Amino acid sequence: MESSEILEKDYQTVYKPLIKFLYTHPEISFSFNCTGNQIKFYKKRKNEILTILKQLIEKQQIEVLGGAYYDAILPLLYPADRNGQIDLLSTELRQNLGKRPRGIALYQDSWDSSLVNSIQSSGIEYIVLDGSIIKPEDKKFLPLVMTEMGKSIEIFPYHDEFNPEPDISPRDFALDIIKAIEKIEKKDKYVQLQPDRVVTICLDHKSMARLIEAKWFESFAKYLKANPDSRIKTTTPSLFKKTNIVKIPSYVVCGINKKVAEWSSEYYVHNDSKMKSPANIFDYLKTYSNSHALYNRMIYMSMLVNQLKADKMRKKAAREKLWEAQTGSGILYADNGTLSCVLCRQKSYKDLMEVEKILREEGNFKEAITNFDYDGDGLNEYVCRMQNYFAYISLISGAIYELDLFKNAGNYADNLSRIEDFDEVTDSYKRGLFVDFLFSSDQYDKYILNEPAGNGVFSRIHYSQLKFAPNRHEIQLEARAVFKPTKQNIYLKKRYIINSDGMNVQYILRNESPYPLKAKFAVESNFSGITFNKDAIEYMNVEVIDKGERIIIPAETSTRKLNKQNKLKTVDVVRLTDNENGNSFAFEANEKCSYFYSPIIFRRPDMNTFEEVLTGMTSVSTLIWDVDIESGKETEKNINFTISSVKKAKK
């Protein structure tokens, strides 16, 4: 997500001084990689830079690479979306710079062999890719050529190990490259066929800003002028392709930027050791479940957009909004640290809800619940497309793991789980809405202290479908388990009745053991903070009705002290309100219950600085009943969950 502030800063610290340097040093060549948002920003506020870039392109001094317009992760998209994003940026570059791109750069170098056909069919001739993805035996400082299903694409690997630094002199920089090339030439067969080699170097904005501030490029230009016989010259990939025809046949299956790969094997653990095989975007998604959840939502909405046939204009509008939602910064934690990623992820969820709105404007929308493997875990989920929200219910603990509201909201079920390395304790279950527990008294005492309290029997169980009636919006699930503290067999039936503004959740708990069951039955719902402020956390308002009295609970603190004092034990209604976004969630129980609330603040390492930064916030809201069930008997609990709108807080 590139804000105007970030784009303005990059323009002032990188692009403006660099283009000024190139304009006065015509012997130096560069390639630029621009996103669609950059071009849009320059058109609106910095039109002069586009004029100069066009002049430099006409002189063949620079080249501008294409890519996905919204920096999407192309291997994750359907071919229609891949080609659409590439073609949209190519058209934008041609219209504003006078020439369509011949090369492409991928967001975080996320590569898959299936991209060859999409890239080549979009008129792209070559791709710039992280050299760490390439097989060592193919690293000859020459372009690669890869063929897939009869289509070919050239690959220019870039080499981070040669990146210049402000404290490295241009002479040492040049000698390091020449030394590496000569070492390769001693062993390979291409020295007679191809006297020139190409070393592609890719610099991010921070590196460029440091070099510009140190006036390194001016020193480099002076070095080249003073050493005209040096093997070091600057060029662009397209110019190199025109005069050098040797390419190395290779096949690159998949991969991703080395920096991202080092965070992909274990949740928020940096691993810079050499991997036996390159990591890829799917390894990353397997590790980071929140990113995978957003990917599932993107794919689902892509499917709906592709199925729309009646209205071409509406389909076009929906597809353009879908492409905007597909920005890679919502999925990868690599660009601006973890806080920015949360903001981008929620922005993507909001954009996807805008796509839903466009699709529903056709006028024939009907609320529906469907049953299929929505999240790719091998189990069927219950996908609820209701008038005011989108949600899905999983067989894993029978809980809701996505809740997107149409009004001013992203995904309120975008929760993290605690892990000991950062949160002192590890959650043994996945946080969602309507996660069920059965606790002993000792386990309950630990639970309200936010300590590990066992898994509560049902929070990790896979439920089974008992009945599914889509026409009545009814889902019935069941689970059998052993209550370990007393080794008793128990049965739980869970029924959802879904409606436009929420749902009714009914529980029937049966004691199938030969002696009485005494325990605490708890239903936990977790609400992710969808609005983040770098200076302060936005909390929900928490209210309960206890003995007919309205009590406001300070949202910054847990209710554990009140629970220890035997308070909040006769609660009828609980209401959590997100005033920032104008949404409210009410839980009304059919029987008086105890109530526990706790905020959890998550901090995780920033992938650039390694410092722990604000990553997420969850409001834990739990209804608890004391149960005493005779052998063979059962008890019923019922919760009416309502979603409503409130007036947004004024800033």
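Keep in mind the model is a prediction, meaning the values are calculated, not measured.
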Undergrad: State whether D81 and R319 are salt-bridged, where the test is any N-O pair (Lys NZ or Arg NE/NH1/NH2 against Asp/Glu carboxylate O) under 4.0 Å.
TA: yes

Undergrad: Apply the test side-chain contact (heavy atoms from CB on, under 4.5 Å) to residues Q387 and F365: give CA-CA distance (whole Å), side-chain angles for both, the deciding distance (0.1 Å), then the verdict.
TA: CA-CA 9 Å; Q387 188 65 42; F365 170 74; 3.9 Å; yes

Undergrad: Count the heavy atoms belonging to other residues, nucleotides or ligands that lie under 6.0 Å from CE of M303, then report whether that count exceeds 12.
TA: yes

Undergrad: Measure centre to centre between the rings of Y382 and Y496, then say whether the value is under 6.0 Å.
TA: no

Undergrad: Kindly indicate, with the supporting measurements, whether the criterion salt bridge (Lys or Arg N to Asp or Glu O under 4.0 Å) is fulfilled by K40 and E92.
TA: CA-CA 9 Å; K40 190 186 299 183; E92 191 79 9; over 6 Å; no

Undergrad: How long is the span from the CG atom in L89 to the CZ atom in R100, to the nearest 0.5 Å?
TA: 10.0 Å

Undergrad: Is any side-chain heavy atom of Y267 closer than 4.5 Å to one of R604?
TA: yes

Undergrad: May I ask you to decide whether E356 forms a salt bridge with R297, counting only side-chain N to carboxylate O separations under 4.0 Å?
TA: yes

Undergrad: Using a cut-off of 6.0 Å, state whether more than 12 heavy atoms not belonging to K151 lie near its atom NZ.
TA: yes

Undergrad: Between N117 and E148, do the side chains contain a donor N or O and an acceptor N or O under 3.5 Å apart?
TA: no

Undergrad: Regarding N526 and T618, is there a side-chain donor-to-acceptor distance under 3.5 Å anywhere?
TA: no

Undergrad: Anything under 30° is parallel, anything over 60° is perpendicular, the rest tilted; go ahead and classify F585 against Y412.
TA: perpendicular

Undergrad: Rounded to the nearest 0.5 Å, what separates atom OG1 in T577 from atom CG in N583?
TA: 9.5 Å

Undergrad: Looking only at the side chains, is there a donor atom on one of R82 and S114 sitting less than 3.5 Å from an acceptor on the other?
TA: yes

Undergrad: Does the plane of the ring in F372 sit parallel, tilted or perpendicular to the ring in Y374? Use 30° and 60° as the thresholds.
TA: perpendicular

Undergrad: Whether the E320 and Y70 side chains hold a donor-acceptor pair (N or O, under 3.5 Å, no angle test) is what I'd like checked.
TA: no

Undergrad: Just checking F610 against W263, ring centres under 6.0 Å apart?
TA: yes

Undergrad: With no hydrogens and no angle check, just 3.5 Å: does a side-chain donor-acceptor pair link Y69 and E324?
TA: no

Undergrad: Answer with yes or no whether the side chains of S598 and N450 bring together a donor and an acceptor at under 3.5 Å.
TA: yes

Undergrad: Establish, for the pair R385 and Y392, whether the NZ or CZ atom is under 6.0 angstrom from the six-membered ring centre and no further than 45 degrees off its axis.
TA: no

Undergrad: Compute the centroid of each ring, for H205 and then for Y11, and state whether the two points are separated by less than 6.0 Å.
TA: no

Undergrad: Does any part of the side chain of S528, heavy atoms only, come nearer than 4.5 Å to the side chain of N415, both counted from C-beta?
TA: yes

Undergrad: Can you find a heavy atom in the side chain of S121 that is under 4.5 Å from one in the side chain of N83?
TA: yes

Undergrad: Classify the ring geometry between F282 and Y295 as parallel (under 30°), tilted (30 to 60°) or perpendicular (over 60°).
TA: perpendicular

Undergrad: May I ask you to say whether R102 pairs ionically with E63, meaning some side-chain N is under 4.0 Å from a carboxylate O?
TA: no

Undergrad: More than 12 foreign heavy atoms under 6.0 Å from NZ of K315: is that the case here?
TA: yes

Undergrad: Going by side chain to side chain contact (heavy atoms under 4.5 Å, CB included), L352 matches just one of D404, N411, L294. Which one?
TA: L294

Undergrad: Cation-pi check, K357 to F406: give yes when NZ or CZ is under 6.0 Å from the six-membered ring centre and within 45° of the ring axis, no otherwise.
TA: no

